[in-house]
2 protein chains.
Amino acid sequence: MPKNLYSDIYHILKGEIDSNVYPPKTILPGEEDLSERFSVTRNTIRRALKKLQEDGLVYTVKGRGVVVLEPIVDNRVMFSASNHFGFLDLMSFPQNKFIKKLTTKVLNFEEVVIDDELSKRTSFGIGDTAYYVERLRIFNGSAMAIDFSYFRKENLPGLSIDDAQGSIYQYIRDEKIFKIAAARSVSTVETVSDRESELLDLKEANCVGVLKRYVYTDLGNLFECTETKYVPNHFSLVGFESY
Amino acid sequence: MPKNLYSDIYHILKGEIDSNVYPPKTILPGEEDLSERFSVTRNTIRRALKKLQEDGLVYTVKGRGVVVLEPIVDNRVMFSASNHFGFLDLMSFPQNKFIKKLTTKVLNFEEVVIDDELSKRTSFGIGDTAYYVERLRIFNGSAMAIDFSYFRKENLPGLSIDDAQGSIYQYIRDEKIFKIAAARSVSTVETVSDRESELLDLKEANCVGVLKRYVYTDLGNLFECTETKYVPNHFSLVGFESY
DNA sequence: GAGTGGTCTAGACCACGGT
DNA sequence: CCGTGGTCTAGACCACTCC
């Protein structure tokens, strides 16, 4: 479906790496060779290679070439910070097929005005109006996470409790209200409050993982601030960086 | 110090955003204007803008322009997955100035052969020899984290306990053994073992944050697998993605 | 020194947003 | 429609790795 040259080339090369045409620790053909093979400029090849590098499949070394990296293994519910548009979309992660049933229970839905303290928590402006939503996430029958969310009302004027029950991102996409531009995330571990320990299936644990996400519209303003608190031992957050 | 055009331009623009020449939610001058201003091609401008976007400072929208994003606030010990070369280098993070004293205690240092089970844990090959190192990290007098590390011996033949006591990455850089190419990380929350709870200053908590990092050499092979277990409430892991 | 990737230029056409 | 960023080409020079 992608009709960009560089994107096509990226997919082809990725397939060849996955199917061991280029095994780990080997060097890919040079950029010059690849441009000949695909009949494009070196520049276009470089964009495809850069995408492979961002995926963590290869690493390029000046003067040597493009090296295929060894793969690693892990087996939990992955929530990669990227491509994570809300909890409901998690089910579409290919690794997460074993989540048979994910339900959402809205615990709280109200309008709040951002005061000094909330502004520190959410980075919203003082005086802004926001929807405050609490949603309990139930995986295969156990309460595995709670989302505490603030949505700026200005950007989502008609939000209802029914939308919150479904996927808010689905709602945004369907209604074409705006586009989501970017997200910043901060991940921490915190000791749990009494209320949280009542709501979540923590077993013996007295801590939760916290993923705080700030989401931007394509006009540059923050429109969502969500803290997801999740139980230990069941979730992984993955990342990749090259230097 | 950087003598690349695009990198210079990136720093200049970043400074202008920080000092509010271009406030949040405004649009930067167009790429054409910027290329005129700096007397470079549009291509070079685009690279600088891409770097700003990777930093999470701006977001570009086709047909509209480059939007400056609103900043957010947070105040913990940051360990960004990127630029994190071992714990000792954490002190060089500008936000982390308040860590006055960080010491390391080596709890264990031995050679191991990777068997089936260790191979699953580390993604190293079966039969490889590795150094296994346990290091306790003490911040301002309290035991805040433990690192459980495996280093492939093949890549680090002469590693001694003294090197482990200092910064292993310092050692690698100084000895110019190889370059570090990339890292994959997986972040989780786990309930704690008895031994860990004895070693760490957990207070009431019975869980730890776990950051598992796989580090690659520039030849494409995995050379380190480290699990850092850290106490709750004191650390943040930051991320940024654009769509 | 031969070959690799890293940077940069000059110019072209397309797709999208706003009017 | 015009102006924006997105993609692509053709060709150049430099810095690095390896032999």
Side-chain angles (χ1 to χ4, degrees), chain A residues 1-13 22 25-54 57-69 176-182 217-220 242-243, chain B residues 1-13 22 25-54 57-69 176-182 217-220 242-243:
Chain A
M1 68 307 291
K3 57 177 187 284
N4 297 335
L5 286 178
Y6 81 91
S7 188
D8 291 344
I9 293 167
Y10 156 79
H11 281 105
I12 291 169
L13 291 176
Y22 305 115
K25 290 189 270 185
T26 58
I27 306 272
L28 291 188
E31 297 182 348
E32 210 71 64
D33 293 346
L34 288 173
S35 18
E36 219 170 289
R37 169 177 167 198
F38 292 107
S39 309
V40 296
T41 337
R42 223 185 104 207
N43 221 309
T44 305
I45 293 294
R46 301 194 88 245
R47 298 190 62 177
L49 291 175
K50 186 153 194 201
K51 241 187 134 180
L52 287 173
Q53 178 155 344
E54 282 163 7
L57 289 168
V58 304
Y59 180 73
T60 76
V61 188
K62 198 195 308 204
R64 184 181 304 140
V66 179
V67 185
V68 181
L69 296 177
K176 293 179 177 44
I177 307 179
F178 53 80
K179 278 196 195 140
I180 288 152
T217 71
D218 64 349
L219 289 168
S242 44
Y243 304 114
Chain B
M1 67 285 350
K3 55 176 187 285
N4 295 336
L5 286 178
Y6 82 91
S7 188
D8 291 343
I9 293 168
Y10 157 78
H11 281 105
I12 292 169
L13 291 176
Y22 305 114
K25 288 189 271 187
T26 58
I27 307 271
L28 291 188
E31 297 181 349
E32 210 70 64
D33 293 347
L34 288 174
S35 21
E36 220 170 287
R37 170 176 165 198
F38 292 107
S39 310
V40 296
T41 337
R42 223 185 105 207
N43 222 309
T44 306
I45 292 293
R46 301 192 89 245
R47 298 191 61 175
L49 291 175
K50 186 151 193 203
K51 240 185 135 180
L52 287 174
Q53 178 157 342
E54 281 163 6
L57 288 168
V58 303
Y59 180 71
T60 75
V61 188
K62 197 194 306 203
R64 185 183 302 139
V66 179
V67 185
V68 181
L69 296 177
K176 295 179 178 42
I177 306 179
F178 54 80
K179 277 195 194 144
I180 288 152
T217 71
D218 64 350
L219 288 168
S242 42
Y243 301 116

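Note on naming: letters A, B, ... go to the chains in the order of the sequence lines (proteins, then strands), and numbering restarts at 1 for each one. Here the structure is a predicted model, which means the values were calculated and not measured.
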Novice: Grab the CZ-P distance between A:F38 and D:dT7 for me, whole Å please.
Specialist: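 So the CZ-P distance, A:F38 to D:dT7, works out to 18 Å.
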
Novice: Which residue, A:S39 or A:R64, contacts DNA chain D at a nucleotide closer to its 5' end, judged by nearest heavy atom?
Specialist: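 Of the two residues, A:S39 wins.
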
Novice: Can you list everything that forms a side chain to side chain contact (heavy atoms under 4.5 Å, CB included) with B:V66? Sequence neighbours excluded, please.
Specialist: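 Partners of B:V66 under the side chain to side chain contact (heavy atoms under 4.5 Å, CB included) test: B:L28, B:L49, B:V58, B:T60.
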
Novice: Using nucleotides 12-16 of chain C, report all nitrogen or oxygen pairs with the protein that are shorter than 3.5 Å.
Specialist:
none

Novice: Take atom CZ of B:R47 and atom P of C:dT9, then tell me their distance rounded to the nearest Å.
Specialist: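 Spelled out: CZ on B:R47 to P on C:dT9 is 11 Å.
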
Novice: What residues form a side chain to side chain contact (heavy atoms under 4.5 Å, CB included) with A:L5, not counting sequence neighbours?
Specialist: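 Side chain to side chain contact (heavy atoms under 4.5 Å, CB included) check on A:L5 returns A:V40, A:T44.
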
Novice: Between D:dG5, D:dA10, D:dC8, which nucleotide has the shortest distance from any of its atoms to the side chain of B:R46?
Specialist: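 For the B:R46 side chain, the nearest candidate turns out to be D:dG5.
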
Novice: Would you kindly give the CG-to-P distance between B:L52 and D:dG5, to the nearest whole Å?
Specialist: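 So the CG-P distance, B:L52 to D:dG5, works out to 13 Å.
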
Novice: Among all residues two or more places apart in sequence or in another chain, which pass the side-chain hydrogen bond (donor to acceptor under 3.5 Å, both in side chains) test with A:R37?
Specialist: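 Testing A:R37 for side-chain hydrogen bond (donor to acceptor under 3.5 Å, both in side chains), a comparison that skips the adjacent residues, returns A:E16.
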
Novice: As an exercise, state the distance from NE2 of B:H11 to CG of B:L52, rounded to the nearest 0.5 Å.
Specialist: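 With rounding to 0.5 Å, NE2 (B:H11) is 9.5 Å from CG (B:L52).
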
Novice: In whole angstroms, how far is the P atom of D:dC8 from the OH atom of A:Y10?
Specialist: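 Checked: the OH to P distance equals 15 Å.
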
Novice: D:dT7 phosphate, OP1 or OP2: any side-chain N/O from A:N4 under 4.0 angstrom?
Specialist: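 Yes, A:N4 has a side-chain N/O under 4.0 Å of OP1/OP2 on D:dT7.
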
Novice: Would you mind reporting whether B:V67 and A:L219 have side-chain heavy atoms less than 4.5 Å apart?
Specialist: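 The answer is no; the side chains never approach within 4.5 Å.
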
Novice: For A:T41, answer base if it contacts any base atom (sugar-phosphate contacts may also be present), sugar-phosphate if it contacts only those atoms, and nothing otherwise; contact means non-hydrogen atoms under 4.0 Å.
Specialist: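 Contact class for A:T41: base.
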
Novice: Counting only heavy atoms and a strict 4.0 angstrom limit, can you tell me which residues of residues 25-33 of chain A come near DNA chain C?
Specialist: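 A:G30, A:E31 - these, ordered by number, are the residues of the stretch whose heavy atoms sit under 4.0 Å from the strand.
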
Novice: Which whole-number value in Å describes the distance from B:L219 CG to C:dT4 C1'?
Specialist: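 In whole Å, C:dT4 C1' and B:L219 CG are 15 Å from each other.
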
Novice: State, yes or no, whether a side-chain contact exists between B:F38 and B:D8 at a heavy-atom distance under 4.5 Å.
Specialist: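 Not in contact.
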
Novice: At under 4.0 Å, does any side-chain N or O of A:T60 touch on OP1 or OP2 of C:dT4?
Specialist: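 For C:dT4, OP1/OP2 do not have a side-chain N/O of A:T60 under 4.0 Å.
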
Novice: Students often get this wrong, so: under 4.0 angstrom with heavy atoms, is A:L49 touching a base, only sugar-phosphate, or nothing?
Specialist: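 Here A:L49 touches no strand at all.
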
Novice: List the residues meeting side chain to side chain contact (heavy atoms under 4.5 Å, CB included) with B:K62, not counting sequence neighbours, and say none if there are none.
Specialist: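 Listed in chain order: nothing, the list is empty.
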
Novice: Applying salt bridge (charged side-chain N to carboxylate O under 4.0 Å, His left out), can you list everything that pairs with A:K50, at least two apart in sequence or on another chain?
Specialist: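 Partners of A:K50 by the salt bridge (charged side-chain N to carboxylate O under 4.0 Å, His left out) criterion come out as none, since no residue qualifies.
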
Novice: Please tell me if A:T44 has a side-chain N or O lying less than 4.0 Å from either OP1 or OP2 of D:dT7.
Specialist: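 For D:dT7, neither OP1 nor OP2 has a side-chain N or O of A:T44 closer than 4.0 Å.
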
Novice: Here's a test of your reading of the structure: between A:N43 and A:V61, which maps to the more 5' nucleotide of DNA chain C?
Specialist: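 Its nearest nucleotide lies further toward 5', so the answer is A:V61.
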
Novice: Hey, does the side chain of A:Y6 come within less than 4.0 Å of D:dC8's phosphate (OP1/OP2), counting only N and O?
Specialist: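 So the side chain of A:Y6 is outside the cut-off, no N or O lying under 4.0 Å from OP1 or OP2 of D:dC8.
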
Novice: Name all residues meeting the side chain to side chain contact (heavy atoms under 4.5 Å, CB included) criterion together with B:R46; count only those two or more places apart in sequence or in a different chain, and write none if there are none.
Specialist: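 Result, side chain to side chain contact (heavy atoms under 4.5 Å, CB included) vs B:R46: B:E31, B:R42.
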
Novice: Can you tell me how far C1' of D:dG5 sits from CG of A:D218, to the nearest Å?
Specialist: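 Value for this atom pair: 13 Å.
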
Novice: Side chains of A:R64 and B:D218: closer than 4.5 Å at any heavy-atom pair?
Specialist: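 Of all side-chain heavy-atom pairs linking B:D218 with A:R64, at least one is under 4.5 Å.
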
Novice: Round to the nearest Å and state the distance from A:I45 atom CD1 to D:dA10 atom P.
Specialist: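 Rounding to the nearest Å, CD1 of A:I45 and P of D:dA10 are 13 Å apart.
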
